[in-house]
Amino acid sequence: MSHKKFLLDYTLQLADDALIIGHRISEWCGHGPVLEQDIALTNTALDHLGRARSLYQYAAGQFNNLPAEEKKNIFTSVSLQQMVQAGDSINEDDLAYLRDGWDFRNVLLLEQPNIDWAYTVARSFFYDAFNYFFFSQLKLSKDESLSAVAEKSLKEVTYHLRWSSEWVVRLGDGTEESHKRIQHAVNELWAYTGEMFTMNETDTIMLQQGIGANLGEIKPLWMERVKAVFEDATINIPDGLWMQQGGKEGRHSEHLGYILAELQFMQRAYPGMEW
Amino acid sequence: MSNTNKNEWPLWEVFIRSKAGLDHKHAGSLHAADAEMAIENARDVYTRRMEGVSIWVVESKFIHASDPGEAESLYDPANDKIYRHPTFYNLPDEVKYM
């Protein structure tokens with residue numbers, strides 16, 4: 001695998017994380033518990049989708065510049081294979097709407113269903129805290145495009161983390177019922193947090209090249225932040241040390257299939273449609 | 001507390017400064033559990049299209065308003081006091097927001 005392929009892979013990991021969490025959060029649109037929080041979540045979803053777009057555009061450009069021979073072995077989806085065979089270039093939409101589940105590289109945490117407000121808040125909090133430290137590092141990337149995305153994202157993520165941290169405290173330190181629910185959500189989602197810090201081959205090579213972030217350095221910072229917020233929220237950190245993983249290698253839970261079925265339906269059924 | 005619902009969140013009035021140097025103007029109202037949430041809600045509801053650079057919120061119950069029934073006695077007397085308006089000054093075009 002060439003170095004270019006690793007940069008493409010890395011870009012797609014970040015883009016898929018952004019698209020999948022953005023889609024999950026956007027499912028709250030029109031269903032928020034109060035109007036103001038409905039708008040807050042929709043704003044956040046758009047931040048994530050905006051980041052996904054920038055990254056997919058960058059990834060599509062990288063893909064189009066690969067040698068024809070290398071393009072054949074990157075995506076398995078039939079639609080993209082056909083485009084490669086025909087010599088067509090691809091764009092951001094093709095990456096979001098035409099790849100199959102096993103081509104997606106998002107971590108499993110982000111495809112977990114909303115279930116209730118507490119699950120949604122806990123999932124966002126775990127990811128926002130990670131993102132905050134991650135983009136602080138990625139800002140220093142030698143890759144100018146990733147560095148620019150990181151700089152813009154950091155402002156958004158700082159707000160996301162503020163929002164989700166406050167809600168964790170509000171629920172944890174709230175009523176008996178809200179405390180029970182957020183603690184339950186934290187317990188259930190805990191096993192999905194470890195994958196954010198696993199360094200796969202792509203992460204390792206990108207770190208060596210000064211392009212990617214050092215996830216090992218982020219982990220203790222993340223843990224410190226989580227502990228501080230949980231202390232305010234009177235939430236216990238779960239004991240479990242065993243962590244789920246697979247998303248970054250394309251092995252997903254059944255939830256991703258349902259997300260893609262909804263997300264990709266229009267482009268799959270009516271190829272190339274616009275509105 | 002099983003009967004928690006949005007009606008228990010107090011109402012807040014939101015004031016937005018659209019850019020540095022201008023006054024905060026009343027933008028509207030919203031529900032929030034506390035001041036922090038009120039500012040965040042105001043940010044999301046009222047500044048999404050770059051309408052603001054600063055937000056004030058105040059719980060609606062702390063606003064004391066004049067009585068519309070007293071409007072005549074309060075405001076009409078100013079009606080015929082044109083000498084209170086500095087209309088004889090020429091305002092240079094460069095002076096904005098007066």
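Atom CZ of A:F197 has more than 12 heavy atoms from other residues, nucleotides or ligands within 6.0 Å. Taking a 6.0 Å sphere around OH of A:Y97, one finds it holds 12 or fewer heavy atoms contributed by other residues, nucleotides or ligands. Within a 6.0 Å radius of CZ in A:R181, no more than 12 heavy atoms belonging to other residues, nucleotides or ligands are found. With a 6.0 Å radius and a threshold of 12 heavy atoms from other residues, nucleotides or ligands, A:E151 has its CD atom at or below the threshold. Heavy atoms of other residues, nucleotides or ligands lying less than 6.0 angstrom from NZ of B:K81 number more than 12. A 6.0 Å sphere centred on CZ of A:R170 holds more than 12 heavy atoms belonging to other residues, nucleotides or ligands. Applying the 6.0 Å contact sphere to CD of B:E59 captures more than 12 heavy atoms from other residues, nucleotides or ligands.
The contact list for residues 105-126 of chain A toward chain B, using heavy atoms and a distance under 4.5 Å, is empty. Proximity to chain A at a heavy-atom threshold of 4.5 Å picks out nothing from residues 62-73 of chain B. Contacts between residues 36-52 of chain B and chain A, defined by a heavy-atom separation under 4.5 Å, are made by B:E36, B:M37, B:I39, B:E40, B:N41, B:R43, B:D44, B:V45, B:R48.
Every pair tested for salt bridge (Lys or Arg N to Asp or Glu O under 4.0 Å) that includes a residue from residues 28-37 of chain A fails, sequence neighbours excluded, so the list is empty.
Interface residue A:W167: only side-chain heavy atoms are found under 4.5 Å from chain B.
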